[in-house]
Amino acid sequence: MNHIYYEPNCLFLRAMSIPTKYQPKEAEDKWYSYWLENNFFRSVPDEREPYTIVIPPPNVTGVLHMGHMLNNTIQDVLIRRARMKGKNACWVPGTDHASIATEAKVVAMLKERGINKKDIGREKFMEYAWEWKNKYGGIILEQLKKLGASCDWDRTRFTMDADLSDAVTDTFIHLYKKGWIYRGIRMVNWDPQGKTAVSDEEVIRKEVNQKLYYIRYKVVNSELSMANKNSNIHHSLLTIDHLTIATTRPETIMADTAVCINPNDERYKHLHGKKAIIPLINREIPIILDEYVDMEFGTGCLKVTPAHDLNDYELGQKHQLPVIDILNDDGTLNEKAQVLVGEDRFAARKKIIPLLGEAGALEKTEDYKSQIGFSERTDAVIEPKLSMQWFCKMDEMARPALDSVLKGDIKLIPDKFINTYRYWMENVKDWCISRQLWWGQRIPAWYNEKGNWVVAKTQKEAEEQFLISNFESRNLKQDEDVVDTWFSSWLWPISVFDGFKDPNNSDINYYYPTNDLVTAPEILFFWVARMIMAGHEFRGEVPFRNVYLTGIVRDKIGRKMSKSLGNSPDPLELIEKYGADGVRVGMLLSSPAGNDLMFDEKHCEQGRNFANKVWNAFRLVKGWKVDDNTVNRNETAIAWFGSRFSEALADIESNFAQYRLSEALMATYKLVWDDFCSWYLEMIKPDFGQPVDKETYDSTVSFFEDVLKILHPFMPFITEELWHDAEVFGERAAKDCCIVAKMPEIGQIDTQLLRGVESVKQVITEIRNTRNNKQISPKQALKLSVRANSGTDYSIYNGIITRMANISEFTPVAQRIAGVAGFVISQDEFYVPLNENNDPAAERERLLKEKEYLQGFLRSVEAKLGNERFMQNAKPEIIENELKKKADAEAKLKAIDENLRGLAG
RNA sequence: GGGAGCAUAGCUCAGCUGGUUCAGAGCAUCUGCCUUACAAGCAGAGGGUCAUAGGUUCGAACCCUAUUGCUCCCACCA
């Protein structure tokens, strides 16, 4: 779309050696290193007010995705703004060890090399894992730098740093001593792929199409079966009946320990006290009675499998049923299953169906939809499994954490999340904190050979405790499990400032509580709620004041961006293509807090175009020659933009105060593009080849400085680049960088002037419109007259109007001018005599149309004013407004009537 | 099954305590322009029964009720 023959024209431009398009790449590298070299991101406590953000630590092995882009752009905007407002801004970066995800990656890596995790043992495995971490762990942080993230990199932390791990151990012991951490056998969510337990929150439920299998169990006549106890072979001959159960998991029938029916179920009264026989393995199980069974569902007969279903487990406990666990940790069937041993649970499900068929036990299958739990990290289907785990009691910690949100000590933005937060906190369950992994902080519990155990920080301390309690303390072994990753990340806002190691150090005292937390609503409970609990428990204070919840980044047709769908653009490629500033603007343009972001590359394009606009506005100003002898004719324009800037700034500030970042950006965008470029610069632009007067130039340069400042948090690179143009701004010392410039403050706002210019803009638009309609070239100067009925003095706008609308002569008149094109702006009549003949008929039509509209308007206003109840109930200022509307409309109608009469005459 | 939220222009969203004929912005679209900063641009224009149906009110996009459609969260029905 570039006009090839246009570019060479640039050669004729004076002082226009800079390209017509902003080149982001070079500026980005240059200024990011410059900022680093000059320690602008570094924060140490001082006398200033702190402004602190701790980054939601990304997975150490992760790579940057669009969610990170959005999240970190927001944080950077907030932190840069705070820095420019004179606060001591501190953004603490870091990464999370993400035990299950990282361990899975390391296991996969080892597998590729033909190494099995179990064979090499824990120590060797950890060596590999650290090696992996050191190799890939920094990638995502390096990527954040490309985005312009102004983190204090000297403070970079990792959740498995020695100090942070110590904090985990110490808090574990602390909570254990309080009685809030306990150990027990429970049904947990087992991830057969990660081979670990996961917490309830890490289970994602999805609706899945399944089959419901109807399986026939023979029923044994109890007396006969007793009599023939020793002749299993003849079971089938002795059965007198059968029952049918419905299940989605036929591969678990070998673990059944009962069949349950509702005692009130008339259909099955004859089964009371009898026994059923599991098909294929022919094991006898009791038929028990419990009202838990829904008579409506399936056949009304429920197979009870305590080892592989939470409800069945509870039912089993109640009826003291044995537990038969037929699954290995990896989800394959073990020898207790007797059939299909070694098969994976899903393979077994497929294979058992023909077996049941052959045995005559399969009655029918039905399609069936139900919710199934998947592991958040590995996406494996969760298997309920009975095992010994560590738990953390949550109810007591939840209470203050709920209060601080309900009382508003912590604000959720947007606040619609308060409801969900409350629901969760009021129904909080104990947290399963142990994980059967190696990558993470090991549980500080020690066991002797007899199975006695203590909780202690070191083996030595454990031995001492064993001695005190007179237990055998030889050959102590530490618990093999590690704690849940979130058991370290919930300490993050405290641990990054060494608040556990040294609870009274100057950093934690200065930076804590932090100000804003920017994160996704998905981890509101996982992470945010638990951080609040930890804040109360370990510091007696909330960890942050505001939680800005971002939405999910989706593609433009609303699908969540994911690797598997391949619909996620590579953020670094986007930066390459549109520049970091362009991408930042693109991300922020349409993403109000809490709303999902329908990502479209077009937004980045818009961001890039905006950067280019700023760049070219700068080229314009840079190209001007200043002449001290030229007179300033732009006082009005300068005064206007000063006011307009303050007005817009007030709006921007208010948007920021409410965390409406996209609106703050849009307000900035419009101020710069429309008010500054399209209006102000056009108003004051000297004619080609003409110099600009000193006053206008200085004011414009100063305005430009302010514009760069308010743009900086959104577009750090281009602003810093232009900021350092020595020709325009003079040489700047390092300490005077844009990144640390003082944000402009809201100045005087001359509302009368603002309103006047708004009218003037309308006048100019009308004239341009007239040109468009009548196909008059903008180059052809026109004459303009005004009959100022409103009393407005247009003389101060003379320069603006003549320049912007190419008017050769702008004169006030006392009488209306007949037979001339015209328009009315707030009671004032404007006339544009045109050279060619007017079309009186068309003009008349236009006037009649406007008259009709005004009459309708007047009628509605008069109706209101004539309404007694309105006059009684409406606020006085509303009524006053209506009266003014009436007067305006009447004046306009009068002018139109006069014009119509003129046309007629 | 329970709870919450949303529905405004082709798209993404504003619309704050009901009150300018209130229906807005950006993008996209259309028309005319290579006007000496910028065609990644300039100037102008056209787009909407505010999901549907009722109600409250002098007055409703806004408050209430119902309906429809979508989204999210929570929940053990095999």
Side-chain angles (χ1 to χ4, degrees), chain A residues 1-3 5-6 9-10 12-14 16 20-22 205 212 245-249 260 292-294 296-299 301-305 309-312 314 368 370-371 384 416-417 419-420 423-424 427 521 524-525 552 556 558 582 589-592 594-598 600 602-603 605-606 608-623 658 660 662-663 666-667 669-670 677-678 681-682 685 687-689 765 768-769 771-773 775 777-779 806 853-854 856-857 860-861 863-864 867-875 877-879 881-882 884-885 888-889:
Chain A
M1 261 180 285
N2 249 327
H3 297 265
Y5 50 91
Y6 181 67
N9 279 353
C10 291
F12 301 107
L13 303 179
R14 79 229 123 100
M16 285 286 156
T20 62
K21 289 179 174 61
Y22 167 56
R205 299 200 167 266
L212 193 57
I245 56 99
T247 180
T248 54
R249 302 204 58 190
C260 189
Y292 162 77
V293 175
D294 180 354
E296 306 295 312
F297 189 89
T299 59
C301 295
L302 171 72
K303 79 195 233 352
V304 184
T305 321
D309 185 281
L310 181 58
N311 299 300
D312 290 10
E314 280 162 10
Y368 183 67
S370 76
Q371 299 270 343
K416 66 175 177 185
F417 288 104
N419 281 338
T420 14
Y423 181 84
W424 192 77
N427 296 283
L524 190 56
F525 311 128
I552 295 168
K556 59 182 165 184
L589 264 175
S590 72
S591 90
N595 274 24
D596 285 358
L597 168 66
M598 302 296 170
D600 191 336
K602 273 186 181 161
H603 294 138
E605 207 178 307
Q606 193 182 349
R608 177 202 60 183
N609 294 355
F610 184 43
N612 202 230
K613 185 69 187 178
V614 175
W615 181 259
N616 277 297
F618 194 80
R619 284 177 73 230
L620 173 68
V621 175
K622 186 179 161 75
Q658 297 167 78
R660 299 177 167 195
S662 50
E663 288 193 49
M666 187 44 75
Y669 178 94
K670 284 196 274 194
C677 295
S678 296
L681 288 178
E682 293 296 337
K685 185 161 86 174
D687 288 334
F688 178 68
T765 302
R768 284 171 176 170
N769 206 355
R771 285 182 192 278
N772 244 337
N773 292 338
Q775 298 194 304
S777 158
K779 286 175 188 161
N806 193 14
Y853 167 87
L854 278 168
F857 175 74
S860 83
V861 174
K864 252 187 212 180
N867 185 327
E868 260 178 59
R869 295 219 256 175
F870 172 75
M871 299 304 281
Q872 277 165 15
N873 295 325
K875 280 174 274 182
E877 57 267 33
I878 301 287
I879 294 175
N881 205 358
E882 293 297 316
K884 187 173 173 295
K885 272 155 60 180
D888 276 9

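Chain letters run A, B, ... following the sequence lines, proteins first and then strands; every chain starts at 1. Note that these values count all heavy atoms, side chains included, but never hydrogens, waters or copies made by symmetry.
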Euclidean distance, atom CG of residue Asn772(A) to atom C1' of G46(B) [Å, nearest integer]
13 Å

For U68(B), does the O4'-C1'-N9-C4 (purine) or O4'-C1'-N1-C2 (pyrimidine) torsion place it in syn, i.e. within 90° of 0, or in anti?
anti

Syn/anti label of G47(B) as read from its glycosidic torsion, with the cut at 90° from 0
syn

Regarding [X], tell me which of base, sugar-phosphate or nothing describes its non-hydrogen contacts under 4.0 Å with the strands shown.
X: Cys677(A); value: base
X: Arg660(A); value: sugar-phosphate
X: Arg768(A); value: sugar-phosphate
X: Ser662(A); value: nothing
X: Thr305(A); value: nothing
X: Asn867(A); value: sugar-phosphate
X: Leu310(A); value: nothing

Checking [X] now: which residues fulfil side chain to side chain contact (heavy atoms under 4.5 Å, CB included) with it, not counting sequence neighbours?
X: Asn769(A); answer: Asn772(A), Asn773(A)
X: Asp312(A); answer: Leu302(A), Val304(A), Thr305(A), Asp309(A)
X: Gln606(A); answer: Leu589(A), His603(A), Tyr669(A)
X: Ser678(A); answer: Trp673(A)

Report the residues that fulfil salt bridge (Lys or Arg N to Asp or Glu O under 4.0 Å) with [X], sequence neighbours left out, ordered by chain and then residue number.
X: Lys613(A); answer: none
X: Glu663(A); answer: Arg660(A)
X: Glu314(A); answer: none

Under the rule of Watson-Crick or G-U wobble with both distances under 3.5 Å, where | means paired to another strand and [ ] a crossing pair, RNA chain B maps to (((((((..((((.....[....)))).(((((.......))))).....(((((..]....))))))))))))....

Tabulate protein N/O versus nucleotide N/O from nucleotides 73-75 of chain B, keeping only pairs under 3.5 Å, one per line.
from	atom 1	to	atom 2	distance (Å)
C74(B)	O2'	Tyr423(A)	OH	3.2
A75(B)	N6	Gln371(A)	NE2	3.4

Quick one: side chain to side chain donor-acceptor pair (under 3.5 Å) partners of Glu605(A), sequence neighbours excluded?
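Expected list: none.
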
Taking atom C1' in both A4(B) and C50(B), compute the distance separating them and give it to the nearest angstrom.
23 Å

Can you tell me how far C1' in G15(B) sits from the matching atom in C74(B), rounded to whole Å?
32 Å

Protein-to-nucleotide contact annotation, 5' to 3' order, nucleotides 21-30 of chain B [B base; S sugar-phosphate only; - none; under 4.0 Å, heavy atom]
B---SSS---

Of all the choices, A37(B), U35(B), G44(B), which nucleotide is nearest to the side chain of Lys779(A) once you look at every atom?
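Shortest atom-to-atom distance from the side chain points to U35(B).
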
In sequence, state the C-alpha distance, the side-chain angles, and the governing distance for Val614(A) and Tyr22(A), and then conclude on side chain to side chain contact (heavy atoms under 4.5 Å, CB included).
CA-CA 9 Å; Val614(A) 175; Tyr22(A) 167 56; over 6 Å; no

With Phe618(A) via ring pair (Phe, Tyr, Trp, His ring centres under 6.0 Å) - residues at least two apart:
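Phe618(A) satisfies ring pair (Phe, Tyr, Trp, His ring centres under 6.0 Å) with Phe704(A), Phe729(A) once adjacent residues are dropped.
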
